[in-house]
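Note sheet for the following structure.
Per chain, numbering begins at 1; letters A, B, ... match sequence-line order. Atoms considered below: every heavy atom in the structure, side chains included; atoms not considered: hydrogens, waters and symmetry mates.
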Protein chains: 2
Amino acid sequence: MMVSTKGRYALTVMVDLARQEGDGFVSLADIADRENLSMKYLESIISILNKGGMLQSLRGKNGGYKLARKPEEYNISEILLLTEGTLAPVNCIMQDGVQCEKAATCSTLPLWAGLDKVIENYLSDITLEDIIIGNRKKMLGDYCGTCGSEN
Amino acid sequence: MMVSTKGRYALTVMVDLARQEGDGFVSLADIADRENLSMKYLESIISILNKGGMLQSLRGKNGGYKLARKPEEYNISEILLLTEGTLAPVNCIMQDGVQCEKAATCSTLPLWAGLDKVIENYLSDITLEDIIIGNRKKMLGDYCGTCGSEN
DNA sequence: TGCAAATCCTACCACCGAGGTAGGATTAAG
DNA sequence: CTTAATCCTACCTCGGTGGTAGGATTTGCA
């Protein structure tokens, strides 16, 4: 499993907040209730999002969270990268360049590097807005990174 | 991490065997020595490959393993799927159709399903032969599942 | 002024899979 | 009948996942 509940719930929270856009600050209790998730666990996850600059927060009564930018300005890759730490499919691939000592002669490395690239390309092309409007063409359609998407 | 050492080593073993094609049965000790991996651990991994019909084995002296088919007849997806059990990037995606009870109303499901598809498409298009000959174009080139690859 | 509602912060914990190791039983060549 | 190989079962350690607990702090409002 590449993406744990942490990343999945983080995305769920972001999508929920994107849906409430314009309603001011939304409390975590509301989000947890709507999404039927543990508020305590969500607390630790939303803290990462907040510290990572993804959100604006307001403490005290009537406080809560809201998106720092517009939904179309978030891509899924950055949300998952922040919460998961890495999206690399294998631990011999690091985000800041490869560091395995056998890298120079490893015949399987290009495969893993290519897989990493494919995943990154896919996730960085999809925004929160795409998820809200249900842009199934982009998500489920025949994905093609470089050619014009006419299907 | 989507692919553990089990899957990675399995692929390493398959590539090693593909390189020794035509040399008859190759002992696990030889493979472990060449790849500098624990023979004992490799034993449990190669057992999965063998039971899954990926290999032919011969017990006793001068025994060992060899590929059951030609290198170009294995795609990477089936090797990893056999050893890892699943390649799904999240645990709400199962190989035999989705089973999460919220699936019908889940707005993030198409994203995960699409990611799963992109990964599967990439890995099932690459063969053992591609790895041996170092087909970097296919592995690292701008991947495009549906259009002709002219880059 | 004080209560209530909210974020923020630090600990803690159980469980399970990853990544092996150990030791022997079985098979087959010579 | 020895040796070299696969095959099989059991076991172990460690760290990450997926939370929970309890309180400190901040702010709005009556």
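Side-chain contact annotation: T127(A) with D130(A), donor-acceptor N/O pair under 3.5 Å present. Side-chain atoms of Y9(A) and T83(A) include no donor-acceptor pair closer than 3.5 Å.
Contact annotation: S38(B) reaches the phosphate of dT21(C) (side-chain N/O to OP1 or OP2, under 4.0 Å). For dT17(D), neither phosphate oxygen OP1 nor OP2 lies less than 4.0 angstrom from any side-chain nitrogen or oxygen of T5(A). At least one side-chain nitrogen or oxygen of S4(A) sits closer than 4.0 Å to the OP1 or OP2 atom of dG18(D). Residue N50(B) places at least one side-chain N or O under 4.0 Å from the OP1 or OP2 atom of dC7(D). One finds a side-chain N or O of Y9(B) lying less than 4.0 angstrom from the OP1 or OP2 phosphate oxygen of dG20(C). Look at Y65(B) and you'll find a side-chain N or O under 4.0 angstrom from OP1 or OP2 of dC7(D). Look at S44(B) and you won't find any side-chain N or O under 4.0 angstrom from OP1 or OP2 of dG20(C).
For the atom pair L111(B) CG and M139(A) CE, the distance stands at 6.5 Å (nearest 0.5 Å). Once rounded to the nearest 0.5 Å, the distance linking CD of E35(B) with CG of L28(B) reads 11.0 Å.
Of all nucleotides listed (dC9(C), dG20(C), dA6(C)), dG20(C) comes nearest to the side chain of Y41(B). Side-chain atoms of M39(B) lie closest to dT6(D) of the nucleotides dA29(C), dT6(D), dT7(C).
Both G60(A) and G64(B) lie close to DNA chain D; mapped to their nearest nucleotides by heavy-atom distance, the more 5′-ward contact belongs to G64(B). Comparing E84(B) and A29(A) by the nucleotide of DNA chain C whose heavy atom lies nearest to each, the residue mapping closer to the 5' end is A29(A). Where R8(A) and K51(B) each meet DNA chain D at their nearest nucleotide, the meeting point lying more 5' is that of K51(B).
Across all strands shown, I46(A) has no heavy atoms under 4.0 Å from either base or sugar-phosphate atoms. L28(A) comes within contact range of the sugar-phosphate backbone alone, with a heavy-atom separation under 4.0 Å but no base atom that close.
Contact check on R69(A) versus E78(A) returns a salt bridge, with a Lys/Arg side-chain nitrogen under 4.0 Å from an Asp/Glu carboxylate oxygen. Of the charged side-chain nitrogens involved, none lies within less than 4.0 Å of a carboxylate oxygen, so that E120(B) and K117(B) do not count as a salt-bridged pair.
Taking only distance into account, the side chain of R59(A) never meets the base of dT27(D) through a donor-acceptor pair shorter than 3.5 Å. Counting distance only, with no hydrogens placed and no angle test, the side-chain atoms of K40(B) and the base atoms of dG23(C) include a donor-acceptor pair under 3.5 Å.
Note: CZ (F25(B)) to C1' (dA5(D)) measures 12 Å, nearest angstrom. Atom-to-atom, NZ of K6(B) to C1' of dC16(C) comes out at 13 Å; the value is rounded to the nearest Å. At whole-Å resolution of the value, CG in D33(B) and C1' in dA4(D) are 15 Å apart. Taking atom NZ of residue K61(B) and atom P of nucleotide dC1(D), one finds them 16 Å apart after rounding to whole Å. Distance CD1 (I48(A)) to P (dG16(D)): 14 Å, rounded to an integer number of Å. If you measure from atom CG of N91(B) to atom C1' of dC16(C), you get 13 Å, rounded to the nearest angstrom. In this structure, CG of N62(A) is placed 13 Å from P of dT27(D), rounded to the nearest angstrom. Look at CG on L58(B): it is 19 Å from P on dT26(C), rounded to the nearest Å.
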